[in-house]
Amino acid sequence: RCLFTGHAPRYYSALHRVTHACRKLTKFSTTGGAALYYRAMKTTGSTADCFFAQAGEKSAAALAITPDSYEALIMWGTVLCSQGKAKTGDDAYGCFVQASEKYSAALAIKPNSYKALCNLGSALWYQSKAKVGDDAEHLFAQVEQKYGDAFAIEPNSTEVVYNWGTAAFRTRREEDGGPRQCSLCSC
């Protein structure tokens, strides 16, 4: 039985609800980093890089004030992940690795943060896209584990279901002359 059978309404409603999730990070917003992040998302090139860098600096400043702020680490990871999406090659990969480090640090502070687990799964998925063979498979196994852990903590999160389903769907690509089977389900 497919894990996502019967979950289609939650999966599609996630498209609308995920965009609102970042707005809930109010602690980060007070540092001004969220505003810089949103400006970076609306621009491109060196202007976006500048805003991303400033948003990262705000996260670092928030952590200097409150070192155990897992929310600031999650936002910093989100900034880095978004920055990676705007880049290519080694620059993009480096951003995704740094984002993974921030999400892992957030999990060291709050191990049951489904948001950090979900975001770590996404950052690892982007890393897996840059790899082939066993390296890609190893990273995708971690992606599945992180989304599974996030789902166990918060099974009603549309963000988790959406990201998990999207990663599984996009990973079912043509390889070695045939479709790749995801291990999330038997579909």
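Atom set for the values below is all heavy atoms of this structure, side chains included, hydrogens, waters and symmetry mates excluded.
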K.L.:
Under 3.5 Å, side chain of T66 to main-chain N/O of S69, donor-acceptor pair present?
P.N.:
no

K.L.:
Taking all non-hydrogen atoms of both residues into account, name the closest pair between S128 and A136 and its distance.
P.N.:
O-CB, 3.7 Å

K.L.:
Is it true that L73 and V97 fall in one hydrophobic cluster, defined by side-chain heavy atoms closer than 4.5 Å?
P.N.:
no

K.L.:
How far does OG of S113 sit from CG of L120, to the nearest 0.5 angstrom?
P.N.:
10.5 Å

K.L.:
How long is the span from the OG atom in S104 to the CD1 atom in I109, to the nearest 0.5 Å?
P.N.:
11.5 Å

K.L.:
What pair of heavy atoms forms the shortest contact from G84 to A92, and how long is it?
P.N.:
O-CB, 3.3 Å

K.L.:
Take K87 and D49 through the side chain to side chain contact (heavy atoms under 4.5 Å, CB included) test and state the conclusion after the steps.
P.N.:
CA-CA 10 Å; K87 294 186 174 292; D49 282 341; 3.2 Å; yes

K.L.:
Applying ring-ring contact (aromatic ring centres under 6.0 Å, His included), name anything that partners F52, two or more places apart in sequence or on another chain.
P.N.:
none

K.L.:
Are Y93 and L124 connected into the same hydrophobic cluster when the rule is that any two of I, L, V, M, F, W, Y join if their side-chain heavy atoms are below 4.5 Å apart?
P.N.:
no

K.L.:
Would you name the heavy atoms of S100 and A123 that are closest together and state the gap between them?
P.N.:
OG-CB, 3.4 Å

K.L.:
Between T166 (side chain only) and N163 (backbone N and O only), is there a donor and an acceptor less than 3.5 Å apart?
P.N.:
no

K.L.:
Find the distance between CD (Q83) and CD (Q98) and round it off to the nearest 0.5 Å.
P.N.:
8.0 Å

K.L.:
Whether the Y147 and S122 side chains hold a donor-acceptor pair (N or O, under 3.5 Å, no angle test) is what I'd like checked.
P.N.:
yes

K.L.:
Hey, could you give me the OG/CH2 distance between S157 and W164, rounded to the nearest 0.5 Å?
P.N.:
11.5 Å

K.L.:
Tell me the closest heavy-atom pair linking L36 and F51, and the distance in Å.
P.N.:
O-CB, 3.5 Å

K.L.:
Is it true that the side chains of T78 and Y37 contain a donor and an acceptor less than 3.5 Å apart?
P.N.:
no

K.L.:
What closest approach, in Å, do A55 and V79 show between heavy atoms, and which atom pair accounts for it?
P.N.:
CB-CG2, 3.9 Å

K.L.:
Check whether L107 and L63 end up in the same hydrophobic cluster, where Ile, Leu, Val, Met, Phe, Trp and Tyr are linked by side-chain heavy atoms less than 4.5 Å apart.
P.N.:
yes

K.L.:
Can you see which heavy atom on F96 is nearest to which on C81, and at what distance?
P.N.:
CE2-O, 3.3 Å

K.L.:
Can you tell me how far the CG atom of D134 sits from the CD atom of E137, to the nearest 0.5 Å?
P.N.:
7.5 Å

K.L.:
With distance as the sole test, does Y114 use its side chain to make a donor-acceptor pair with the main-chain N or O of I153 at under 3.5 Å?
P.N.:
no

K.L.:
Could you tell me the separation between the NZ atom of K58 and the CH2 atom of W76, rounded to the nearest 0.5 Å?
P.N.:
13.5 Å

K.L.:
May I ask you to say whether K115 pairs ionically with E159, meaning some side-chain N is under 4.0 Å from a carboxylate O?
P.N.:
yes

